[in-house]
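Have a look at the structure below, then the notes.
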2 protein chains.
Amino acid sequence: MAYTYNYPHPAVSVDIVIFTIRDDALSVLLVERGLPPFQGEWALPGGFIRLDESLKHAAWRELKEETGVNAAYLEQLYTFGHPKRDPRERVISVAYFALLPSDKLEIRAASDARNVAWFDTREVPQLAFDHNKILRKAEHRLAAKIEYSTIALQLMPDRFTLPHLQHVYELIRGGPIDKRNFRKRIRALKVIEPTGEESRSGARRPAKLYRLTDRNRVDVFK
Amino acid sequence: MAYTYNYPHPAVSVDIVIFTIRDDALSVLLVERGLPPFQGEWALPGGFIRLDESLKHAAWRELKEETGVNAAYLEQLYTFGHPKRDPRERVISVAYFALLPSDKLEIRAASDARNVAWFDTREVPQLAFDHNKILRKAEHRLAAKIEYSTIALQLMPDRFTLPHLQHVYELIRGGPIDKRNFRKRIRALKVIEPTGEESRSGARRPAKLYRLTDRNRVDVFK
DNA sequence: CCAAAAGTGTTCGTACTACACCCATGC
DNA sequence: GCATGGGTGTAGTACGAACACTTTTGG
């Protein structure tokens, strides 16, 4: 089947940077390409949009295809359109970034034969297309937004401890945070509440467990 | 001439929200549509991308076509892709926003027979497509960014006074600012310098003139 | 009782807010 | 000399940064 237009059209794809916290590292989901171009190289999950779906819908679809997850934080990142970014034809990529809670990610990738894997963001190899550039932009956006929003809480499992949350902040910011200042700041946000339970793990004092007061709420301040 | 693809492609356009300060108002450049759809209605300047140019290049091209200007602040705003936003076919619009210094805008629109006009942002009529939505997003971006960057200086002419600059800030924020606090803050940015001249205009004390230390520099803080 | 991590307050400096009067000009 | 807008400093407050010890647990 062929589609014909009076003037040239680019292809439009959606690529997603899916972050989660895994094994003590901020991680991103990558897929190994099974076909040229860049066959055998790792790339961000993505695909071409359908003409009857919104961009966000396309992003959700890709997210679900790769992870099985249908609840996550999702926001448009940037649109990449360098004429030569895809060697086949002109492809404009609308990039999204998603945050997945770390307890929702075992469900991943019954999809197909391709390799799908989480990579520590500090150990990402060279990627297909301009995907390293997209990933860099997503990391910057995340690092910036963690400073003036409650976005980082979208990476947390249903119940978590404050030391765990602090660790997530430290991973994203790339540096240590003072414990007392951190706890003061988080408490002032009034977006988490104690569950009354404790996390008992090994030879040390148990930490109190918290949950989000509203799982889907993301506040932006300033 | 026809262009044929194996799977359907959307059209991709670039629309620009061009802001300037004019007649005591934050203003946006609009063009009257000469052809359907939305014939006779006002719209943001824009057009379809060429397959051999980058998105930013397309934005520059549109900017120059409408204003004759080739130096301005230009940044990607957001990509709008609702399937029904254009009644003709699927059109995905990559929106940019631009800031034009108020002394560079007499050069505008020798372009063609269409009407082109600056509108006070508070008096914008109903626009074609989803352009009111795009405009709203651009206004929000500008209002947000003025708080944590030196972006507003991109709207200033080569030489300007501090009361003038304050007025621009007040227009964008939509509220009054304390004069002494404002001046203190601007001075702390260290991005303007006195020219030594004065602006002599009418029956009052002349104001000192300033210029940007670096016309093209935009700082983002925090 | 020891190791290891959880938990908890106060002080200091900085940045933002509020606020009122004199100055230079044209008419 | 008066009307109009230009120009200047200080005091109070709120927010983020630095910083050390006690508590609880398992082994």
Side-chain angles (χ1 to χ4, degrees), chain A residues 24 143-150 152 156-157 159-211 219-222, chain B residues 21 23-24 143-150 152 156-157 159-211 219-222:
Chain A
D24 252 28
K145 234 164 165 168
I146 203 183
E147 302 295 340
Y148 62 93
S149 78
T150 60
M156 305 309 290
R159 286 184 282 186
F160 56 89
T161 66
L162 284 178
H164 181 191
L165 180 60
Q166 179 173 347
H167 190 222
V168 170
Y169 270 81
E170 288 171 334
L171 283 171
I172 295 172
R173 306 214 335 191
I177 304 176
D178 179 84
K179 211 199 304 184
R180 284 169 291 187
N181 292 338
F182 177 77
R183 296 164 91 96
K184 201 192 311 171
R185 186 153 60 91
I186 295 297
R187 265 185 243 124
L189 297 177
K190 292 207 278 271
V191 290
I192 64 172
E193 56 191 15
T195 66
E197 302 156 298
E198 294 187 328
S199 155
R200 199 161 311 259
S201 63
R204 58 187 187 275
R205 179 171 176 178
K208 296 195 182 105
L209 283 167
Y210 293 80
R211 73 168 80 86
D219 292 337
V220 177
F221 20 93
K222 290 250 175 80
Chain B
I21 302 292
D23 295 344
D24 252 27
K145 235 163 163 167
I146 203 183
E147 301 295 341
Y148 63 90
S149 78
T150 59
M156 305 310 290
R159 286 184 283 186
F160 57 88
T161 66
L162 284 176
H164 181 191
L165 180 60
Q166 180 173 346
H167 190 223
V168 169
Y169 270 81
E170 289 172 333
L171 283 171
I172 295 172
R173 306 215 334 192
I177 304 175
D178 179 84
K179 210 199 304 184
R180 284 169 289 189
N181 293 338
F182 176 77
R183 298 164 90 97
K184 201 192 311 172
R185 186 153 59 91
I186 296 297
R187 264 185 293 243
L189 296 177
K190 292 206 277 272
V191 291
I192 64 172
E193 57 192 15
T195 66
E197 300 155 299
E198 294 189 327
S199 154
R200 199 161 312 258
S201 63
R204 57 186 189 274
R205 179 171 176 179
K208 295 195 182 106
L209 283 168
Y210 292 80
R211 74 169 79 87
D219 291 337
V220 177
F221 20 92
K222 288 240 177 87

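Protein chains get the first letters and strands the later ones, always in sequence-line order, with residue 1 at the start of each. Here the structure is a predicted model, which is why all the values come from computation and not from measurement.
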* Asked: Residues in side chain to side chain donor-acceptor pair (under 3.5 Å) with A:E197, at least two apart?
  -> A:R159, A:T195
* Asked: For the side chain of B:R180 and the base of C:dA20, is some donor closer than 3.5 Å to an acceptor across the two?
  -> yes
* Structure fact -> Residue pair A:N181/A:A207 against DNA chain C: nearer the 5' end by closest nucleotide is A:A207
Sort me out a list of protein N/O and nucleotides 23-27 of chain D N/O pairs below 3.5 Å, or just none if empty.
from   : atom 1 : to     : atom 2 : distance (Å)
D:dT23 : O2     : A:R205 : NH1    : 2.9
D:dT24 : O2     : A:R205 : N      : 3.3

* Rounded to the nearest Å, what distance is computed from the CD1 atom of residue B:I177 to the P atom of nucleotide C:dC16? -> 13 Å
* To do: Start with the C-alpha distance between B:I21 and B:M156, add both sets of side-chain angles, then the distance that settles side-chain contact (heavy atoms from CB on, under 4.5 Å), and finish with yes or no.
  => CA-CA 8 Å; B:I21 302 292; B:M156 305 310 290; 5.8 Å; no
* Side-chain touch B:S149/B:K222, heavy atoms, less than 4.5 angstrom -> no
* Asked: What is the distance, rounded to the nearest whole Å, between atom CG of B:L189 and atom P of C:dA15?
  -> 12 Å
* Asked: What's the verdict on side-chain contact (heavy atoms from CB on, under 4.5 Å) for A:V168 and A:I146, showing C-alpha distance, side-chain angles and the deciding distance?
  -> CA-CA 10 Å; A:V168 170; A:I146 203 183; 5.8 Å; no
* Structure fact -> A:L209 CG to C:dG7 C1', in whole Å, measures 15 Å
* Take the protein atom CD of B:E147 and the nucleotide atom P of C:dC16, then report the distance between them rounded to whole Å. => 11 Å
* To do: Find the distance B:H167:NE2 to D:dG7:P and express it as a whole number of Å.
  => 16 Å
* N or O in side chain of B:R183 less than 4.0 angstrom from D:dG7 OP1/OP2 -> yes
* To do: Go through the N and O atoms of the side chain of A:K184 and the base of C:dT8, and report whether any donor-acceptor pair is under 3.5 Å.
  => no
* From CA spacing to verdict: side-chain contact (heavy atoms from CB on, under 4.5 Å), B:L189, B:D219 -> CA-CA 9 Å; B:L189 296 177; B:D219 291 337; over 6 Å; no
* With no angle test and no hydrogens, is the base of D:dA17 tied to the side chain of A:R185 by a donor-acceptor pair under 3.5 Å? -> no
* To do: Tell me, with the steps shown, if B:R183 and B:K179 meet side-chain contact (heavy atoms from CB on, under 4.5 Å).
  => CA-CA 6 Å; B:R183 298 164 90 97; B:K179 210 199 304 184; 4.3 Å; yes
* Nearest of C:dG9, D:dG6, D:dT10 to any side-chain atom of B:K179? -> D:dG6
* **Minimum-distance nucleotide to B:K208 side chain [options: C:dA18, C:dT10, D:dT8]** => D:dT8
* To do: Could you check if a side-chain atom of A:I186 sits within less than 4.5 angstrom of a side-chain atom of A:L162, using non-hydrogen atoms only?
  => yes
* Can you tell me the distance, in whole Å, between the CZ atom of B:F221 and the C1' atom of C:dT14? => 16 Å
* To do: Round to the nearest Å and state the distance from B:D178 atom CG to C:dA15 atom P.
  => 18 Å
* Rounded distance in Å - CZ (A:F182) to C1' (C:dA5) -> 16 Å
